[in-house]
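Down below is the structure, laid out as structure tokens.
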Amino acid sequence: MKMVEIKILENEKGKLKAEISDNSTIVNAINEQVWNQKGIDVSTYSTGHPYLGKPTLLVRGKDPEKAVIAAAEKVAEDARSLKKQLEKK
């Protein structure tokens, strides 16, 4: 299984911009969860070129790095829960 990699493009006070080495599916899930974090003003992503570009996530707010980490943990937790449910059937 290929690990998702993240390349931080910008990390300054109130702004985090990162390139994700996966398709937009995981980035969309993280983006959705970032919006559930307190203190977020902007959370969006772009995919650039549909075949060649890598998704880029942009988060602005009080502590965007903390919000992205919490969002990624929630996405992982949801995936583990889904896996357990599928294994029971």
Side-chain angles (χ1 to χ4, degrees):
M1 179 196 281
K2 179 181 150 189
M3 294 291 294
V4 176
E5 295 178 12
I6 186 168
K7 178 181 177 185
I8 304 299
L9 304 174
E10 291 180 48
N11 189 5
E12 53 193 53
K13 186 174 180 165
K15 179 181 178 184
L16 177 75
K17 186 175 183 181
E19 183 179 87
I20 313 292
S21 70
D22 196 32
N23 63 32
S24 61
T25 303
I26 192 77
V27 181
N28 186 43
I30 291 171
N31 183 55
E32 287 284 323
Q33 289 301 323
V34 167
W35 276 116
N36 292 329
Q37 307 300 315
K38 292 181 180 178
I40 296 302
D41 300 321
V42 172
S43 183
T44 188
Y45 71 96
S46 66
T47 55
H49 189 280
Y51 299 113
L52 304 175
K54 292 182 182 175
T56 301
L57 179 68
L58 173 65
V59 180
R60 291 182 191 260
K62 184 176 178 183
D63 192 345
E65 185 175 358
K66 182 179 176 182
V68 171
I69 290 169
E73 288 172 350
K74 177 65 173 139
V75 169
E77 178 185 315
D78 289 349
R80 283 189 296 273
S81 174
L82 177 61
K83 181 182 179 224
K84 284 181 184 178
Q85 291 176 47
L86 291 171
E87 289 174 340
K88 289 180 182 179
K89 295 183 180 201

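The figures here come from the full heavy-atom set of this structure, side chains too, leaving out hydrogens, waters and symmetry mates.
Taken to the nearest 0.5 Å, the NZ atom of Lys83 stands 15.0 Å off from the CG atom of Asp78. Rounding to the nearest 0.5 Å gives a distance of 11.0 Å between CG of Asn28 and OG1 of Thr47. Between the CG atom of Asn31 and the CD1 atom of Ile40 there is a distance of 10.0 Å, given to the nearest 0.5 Å.
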Does the pair Leu58 and Lys15 meet the rule for a side-chain contact (heavy atoms from CB on, under 4.5 Å), with working shown?
CA-CA 7 Å; Leu58 173 65; Lys15 179 181 178 184; 3.7 Å; yes
Quick one: do Ser81 and Glu77 satisfy side-chain hydrogen bond (donor to acceptor under 3.5 Å, both in side chains)? Show the steps, please.
CA-CA 6 Å; Ser81 174; Glu77 178 185 315; over 6 Å; no
Start with the C-alpha distance between Lys17 and Val59, add both sets of side-chain angles, then the distance that settles side-chain contact (heavy atoms from CB on, under 4.5 Å), and finish with yes or no.
CA-CA 6 Å; Lys17 186 175 183 181; Val59 180; over 6 Å; no
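Note on Leu9 and Tyr45: separate hydrophobic clusters, where clusters join Ile, Leu, Val, Met, Phe, Trp and Tyr whose side-chain heavy atoms are under 4.5 Å apart, directly or indirectly. Ile69 and Val34 are assigned to two separate hydrophobic clusters, defined by single-linkage of ILVMFWY side chains at heavy-atom distances under 4.5 Å.
Between Val42 and Thr44, some side-chain heavy-atom pair lies under the 4.5 Å cut-off.
Among all heavy-atom pairs drawn from Gly14 and Pro64, the shortest one is C-CG, 3.7 Å. Minimum heavy-atom separation, Gly61 to Asp41: CA-OD2, 3.8 Å. Between Ser43 and Leu57, the closest heavy-atom pair is OG-CD1, 4.3 Å. When all heavy atoms are compared, the tightest approach of Ile30 to Ala71 is O-CB, 3.6 Å.
With sequence neighbours excluded, no residue forms a salt bridge (Lys or Arg N to Asp or Glu O under 4.0 Å) with Lys38.
Within a 6.0 Å radius of CD in Glu5, no more than 12 heavy atoms belonging to other residues, nucleotides or ligands are found.
Listed by first then second residue, pairs satisfying side chain to side chain donor-acceptor pair (under 3.5 Å) with a partner in residues 52-73 read Asn11-Glu65, not counting sequence neighbours.
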